[in-house]
K.L.:
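Below you'll find the structure I mean.
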Amino acid sequence: MNTPLRRVALAVMAMIVALLINATYVQVQIGPIGKADSLRNDPRNDRVLLDEYARQRGQISAAGTVLASSVATDDRYKYLRTYPTDPMAYAPVTGFYSLQNGNNGLEHAEDSVLNGSDNQLFGRRLIDLISGRDPRGGNVVTTINPIMQKVAYEQLTAKKLTGSVVAIEPSTGRILTMVSTPSYDPNTLAGHDAGRVEDTYKQLDKDTGRPLINRAVSMTYPPGSTFKVVVTAAALSNGIAKPEDQFTAAPRITLPGTQTTLENYAGSHCGPGDAQTASLTDAFKYSCNTAFVELGIKVGTAKLKDEASAFGIGKDLHNSIPIPWTDSTVGDIPDNAALGQSSIGQRDVALTPLDNAVIAATIANGGVRMKPYLVDQLQAPDLSTLSTTKPTSVGQAVTPQVATQITNLMLESEKNTQGGSQPRPYQIASKTGTAEHGTDPRNTPPHAWYLAFAPAQNPKIAIAVIVENGGDRALAATGGSVAAPIARAVLDAGLGG
Amino acid sequence: MSAPAPPSTGAFPSPPGGFAPAPPPATRRNVELLLLGLAALITTVSLVLVEASQEQAITWEIAKLGAAYLALFGVAHLAVRRFAAFADPLLLPIAALLNGLGLVVIHRVDLAQAQDAAFANLPIPSPDANQQVLWTGLGMVVFMGLLIALRDYRSLARYSYTVGLAGLVALALPALLPDRYSMVNGAKIWIRLPGFSVQPGEFAKIALIVFFAGVLVSKRDLFTGAGKHVFGMELPRMRDMGPVLLVWVVSVGVLVVEKDLGTSLLIFATVLCMLYVATERVGWVAVGLVLLAIGFVFAYNAFGHVRVRTATWLHPFDDYSSTGYQISQSLFGLATGGLAGTGLGSGNPSKVPFAKTDFIIAAIGEELGLIGLTVILLLFCIFSVRGIRTALAIRDSFGKLLASGLAFTIAIQVFVVVGGVTKLIPLTGLTTPFMSYGGSSLLANYVLLGVLIKISDAARRPAPARKRAEPIADASTQMLRKVEGGAA
C-alpha cells in the first residue's frame, strides 16, 4: 500500500501548489498577469478608500488660507475631511472628497499627492514606515487669490445669480479666481454618516440649479459679442482689416444665401449719427452685429478657425489645470450664413468661462497664450516643496502689435459700457457679450458676459464673467449691466482699488 | 592464570563486556515542546499586533493570555509525553499554531464587528473569540481523553460497522429533522439543541473514515482479486462494490437533501483516496471520478442551487449584490492584501460575510497577504503529509488506511475551502480545520488529531525488546507447519 500512499502525498502537495498558484494570481499583479490590480481598483472595493481615510490626507490651501484639511476623529475612518474656509466659494476648486461618491476637483486631480501614494512621496513614505509613523499625504497649494475668490462668490450670490467668474494672471496663466454658482458645501459630502451623505448627494445631484457642476470649466456657453475679440484678432492678424476700415452700419443684415436677417442689439443703427458705415473701432465699441457679420465673412472660415484655435478654443490643454476642462468649440461652419452667425459668437460657438478668460489673458499678455494652471506647488507633509508649476507659453496667438490694437479697442468698448466711464485708479480693457440661446432666443433671457483685463497698460488680471439667463435683469440683461459690475468688483479686490 | 579468550567467531569479536546498549529511541518530545512554545509566541505576537493596530490598550493581559495558551497546550503536550511518547512531534504544534492564529483572527473580526455595530448604532454583538477559547479548552480535554482512553487504535477496527452506522445517522439526521431544529443561515446541516448546536457532519466525516478503513481492510482482497476484466481494468463484483456505491449514494444524498456540496465532495474524495490506497488500482480513481462527474451533471440539471453556485463561480461579479457578494468581497480582500497583507488589525476583513467561519482564509489573505496565506497552506500541507508519512510507517493495513484517510481529509478540506474562497473551484460551505470559528469543527478536528497521534505513536514506537535469540544450535527441534498449496 506504500506506492499509492506516496502518490497520495504527491497529490496533497499538488493540491496545495494549485491553491498557491491561484492565490498568487488573485493577490499579486506581475505585469499583465494576475487579477490583483483590477480587483483592487474595482469601484465596488472600498477597502483602498477606507485605508485612505485612515491616513491623514494633505491640505489644500490658497495663499496661506487652508481650504481643505483632515481632522482626527475617533470613529473608524480616523480622519474627517473638512473645508474650513468659505467652503461654498471654494467648492469648484477643491471639489469634494466623499466615501460614498468618490471625489472631484483638486481632491480628485491631486488625489495621489493628497493621499500620500504619489511616487514623489515615496522616500517620505519609506521614512514614515521605518519610523513607525502613519503615512501622511502631501499638500497642494493653489494659485487662487482668496480675496478675489471671496468677492467673486459674494458678487454672484448676493443677487442669487447663476454663473461663473474666472480670473487669470496674464503673464503666467495662474488661475486667481474660479467661482461657480450656485455652489454646495463640500463638508456635507465629506461626513462619515453614510446615509446623510447619500441623501445630500442625491439632493444636490437632482437640484435643477446643478450646484455640483463647476461652470467655470464644465459648461460651455455661446460667447456672444465677447467672441468679436477673436474675430477682430483674425482680421487684424491677417491684414484683412484695420481699425479704421469701414463696415456697414445698418441695423440689420440678411445672411448670405438665406432670408434670415440678423440685427444689432435692440435693432439699433451702428454708432452715433446715421452714417452708412462705421469704422471697425466703432463697430467693436458699440458691438455692432451687422458689421461683424460682414467682417467675419470677409475673414473666412479657415482663418477664423485658425485664430480660434490659436486662442486655445478646441482640444488642446484640457487636462492641464489639472481638473477636467470641457472643450470649447467654434462648431461646424458650413456656409457664409453660418460664418456670419458664428462671427458674433452665436450658432455653434460655445466657450467655457475659463477659455474665454484665456482669450482676455492672451490679449493682455501681448498675444502670448499662457497655459492656465490651478496648482502652484505640491508639498510634502512637512511642507517642503516637491514641485512648483512653471508658467508655460503655448504659443503666440497674435502679434504684440495686434494685441495692442485690440487692447485699444477694448479700452474704447469699456468707455461705452455701463459703469465704464466712472473714474478708477486703473484702466480696464473689456468686451461685453449678451448671448442669445435656447429654442426661442428672443424670449429667453440672454447670458450676460464680460471679458476684461486690467490695468490696461500693465495687465495683472484677466477676467471672464458669465451670468446665466440674464441674472436678475432677465430679458433686459446685457453683459454691461449684469456681468460687468461683478468683474469690476473682483478686479478692485485683486488690484487693491 | 588469565581467563581463556572467548572463541573467535569472526573478524569482529564482541568487545569485552558486550556491545554498548543501543541508545533509547528518540521520542522527539522536546522538539514538540519547543515548537509549541514557538506557536504560543507567534499567537501572542499576532494578538499584540491586532491590539496595537486596533488601538486597544496593550497590557500584560495579553502576555497572560499567551502564557495561558502555552499552558493549555503544555498540558496536552504532557499527555502526549505520557500516552503517546513516540508520536510525530509536528502534528500537535501545527494544530496549536493554526488554532492560535484562528483565535487571533476571530478576535480581530470581533473587534471589527463591534466597531461596525457601534458605527451603525446597533447593539454590539458578543465576542465569539471567548466562546472559541472555551471550545479550544474543551478540544484539549477531548484530545487528552482520547489519548488516554484509546489504548490501541486497532480496537477501532472492531467497531468499524457500529461507528460507520453512527456516522451515517449523524450525517442524515439534520436532513430528517424539521428545519427549525436543523437550519442555521440556510444550511440544513445542524442539530440545534437548547443551549448549543452541533454540526454532526464534522464528526460523521471521521466516523466514515474509520468505517471505510475497517471495511476495506476486511475486503481488500476481494476488491482486487475477484472481478471481471473490462477494458484492461479489473472490476470488482457488485456485492463487493456495495459499500463504495453506498458512499456515493450518501454523498450525493447529502448534496441533494442538505444542499451541502462541500461535505459531499469531502466524503467522496476521502473515500476514493482510501479505496485507491487499499486496492492500489488507479482504475478505482477513474471510476470514482466518472461517478463524481455523473453526480455533478445530474445535480447541475436537477438542482437550481448547484446551477447558481456554478454560475457564481464562473462570473461572481455578474451577481455582485446577491449571490456573488461573498466571493466578490473575498476576492477584493485578498487582492487588497496583496503580497504582504495590510497587517494584522489594519484591513477590513469584516467586509466579507462569515469572516470567522467559512471565509477566515480571506481574512488571513487580506491582513497577512499571500505570504501569510502561503505559510498557512504549507502548515496544512506539512500536517497532511506527516499524516501520510505515519501511514507509510505503520505496519498494519487498518492503521495505514485510517491514517491516510484522516490525513487526506484535512488536505481535501483545505483544498475545497481555500479553493472556494479564492475562486479556484465553486464555493462550498466548509470550515477551515482548526482555524474557523465553531465548536463542532474544532472538537472533531482534535478527535482526528488524537487518533492520528495515536497511530503515529504506534508507527514510531520501537518494537518491544525481544529476548535475544539463542544460538540456533541450542534451540530445540521444532515441528514445521506444512505449507498449504504446496507451491513453496
Side-chain angles (χ1 to χ4, degrees), chain A residues 1-30 34-55 72-78 99 129 132 134-135 191-196, chain B residues 112 115-116 118-120 220 273 276-282 317 320-321 328-329 331-339 341-342 346-348 351 361 365-366 369-370 373-374 377-378 380-381 384-385 387-389 391-392 397 400-401 403-404 407-408 410-412 414-415 418-419 422-424:
Chain A
M1 294 204 273
N2 285 356
T3 310
L5 277 174
R6 291 201 174 88
R7 286 189 187 143
V8 167
L10 280 177
V12 167
M13 290 183 217
M15 286 193 296
I16 299 290
V17 167
L19 289 176
L20 285 175
I21 290 171
N22 183 56
T24 309
Y25 177 70
V26 170
Q27 294 196 267
V28 184
Q29 186 84 30
I30 307 161
K35 295 277 283 179
D37 278 357
S38 69
L39 287 168
R40 244 170 256 158
N41 298 330
D42 192 299
R44 292 165 294 197
N45 182 6
D46 57 359
R47 284 171 182 74
V48 179
L49 202 61
L50 281 170
D51 185 42
E52 223 178 273
Y53 258 64
R55 259 186 265 167
T73 58
D74 46 15
D75 63 18
R76 66 186 289 196
Y77 300 118
K78 300 201 176 129
L99 185 57
L129 187 72
D134 279 341
H192 291 177
D193 183 334
R196 189 157 2 126
Chain B
Q115 254 182 5
D116 291 345
F119 193 63
R220 87 190 190 95
C273 164
Y276 171 59
V277 171
T279 60
E280 308 194 13
R281 299 286 156 105
V282 182
F317 296 101
Y320 173 74
S321 51
S328 302
Q329 283 297 335
L331 291 173
F332 287 158
L334 289 167
T336 308
L339 183 63
T342 59
S346 303
N348 294 284
K351 285 202 153 295
I361 285 294
E366 181 176 351
L370 180 64
L373 188 57
T374 304
L377 289 176
L378 289 182
F380 278 117
C381 185
S384 185
V385 169
I388 293 169
R389 233 182 92 138
L392 276 170
S397 302
K400 272 184 192 297
L401 285 174
S404 61
F408 188 74
I410 291 283
I412 192 80
V414 168
F415 182 75
V418 180
T422 59
K423 201 180 116 46
L424 183 63

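First the proteins, then the strands, lettered A, B, ... as listed; each starts at 1.
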K.L.:
So which heavy atom on Pro4(A) is nearest to which on Glu280(B), and how close?
P.N.:
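Taking Pro4(A) first and Glu280(B) second, the nearest heavy atoms are CG-CG, 3.6 Å.
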K.L.:
Do Phe317(B) and Leu39(A) come within less than 4.5 Å of each other through their side chains, counting heavy atoms only?
P.N.:
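Of all side-chain heavy-atom pairs linking Leu39(A) with Phe317(B), at least one is under 4.5 Å.
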K.L.:
Closest approach of Gln27(A) and Leu370(B), non-hydrogen atoms and distance?
P.N.:
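Minimum heavy-atom separation between Gln27(A) and Leu370(B): OE1-CA, 3.3 Å.
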K.L.:
For Ile412(B), is it the side chain, the backbone, both or neither that has a heavy atom under 4.5 Å from a heavy atom of chain A?
P.N.:
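Contact with chain A involves both backbone and side-chain atoms of Ile412(B).
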K.L.:
I'd like to verify something: which residue of Asp46(A), Asp193(A), Asp37(A) has the highest number of heavy-atom pairs under 4.5 Å with chain B?
P.N.:
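Most heavy-atom pairs under 4.5 Å with chain B: Asp46(A).
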K.L.:
Please enumerate all residues that pass side-chain contact (heavy atoms from CB on, under 4.5 Å) together with Ala411(B), with sequence neighbours excluded.
P.N.:
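Listed in chain order: Val12(A), Met15(A), Ser384(B).
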K.L.:
Testing the basics here: between Ala335(B) and Ala36(A), what is the closest heavy-atom pair and its distance to 0.1 Å?
P.N.:
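Minimum heavy-atom separation between Ala335(B) and Ala36(A): CB-O, 3.7 Å.
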K.L.:
Please determine, among Ile21(A), Val8(A), Val28(A), the option with the most heavy-atom pairs under 4.5 Å with chain B.
P.N.:
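Counting heavy-atom pairs under 4.5 Å, the top option is Val8(A).
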K.L.:
Given that the side chain runs from C-beta out, which part of Val26(A) has a heavy atom under 4.5 Å from chain B: side chain, backbone, both or neither?
P.N.:
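Its backbone and side chain both get close to chain B.
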K.L.:
Between CG of Leu378(B) and CG of Leu20(A), what distance do you get to the nearest 0.5 Å?
P.N.:
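Here the rounded value is 6.0 Å.
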K.L.:
Not counting sequence neighbours, list each pair that qualifies as a side chain to side chain donor-acceptor pair (under 3.5 Å) and has a residue in residues 2-21 of chain A.
P.N.:
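Found Asn2(A)-Lys400(B), Arg7(A)-Tyr276(B).
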K.L.:
Just how far is it from atom CE of Met13(A) to atom CD1 of Ile388(B), taken to the nearest 0.5 Å?
P.N.:
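Going from CE on Met13(A) over to CD1 on Ile388(B), the span is 7.5 Å.
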K.L.:
May I ask you to name which of Ile16(A), Leu19(A), Asp42(A) has the most heavy-atom pairs under 4.5 Å with chain B?
P.N.:
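Among the listed options, the one with the most contacts to chain B is Leu19(A).
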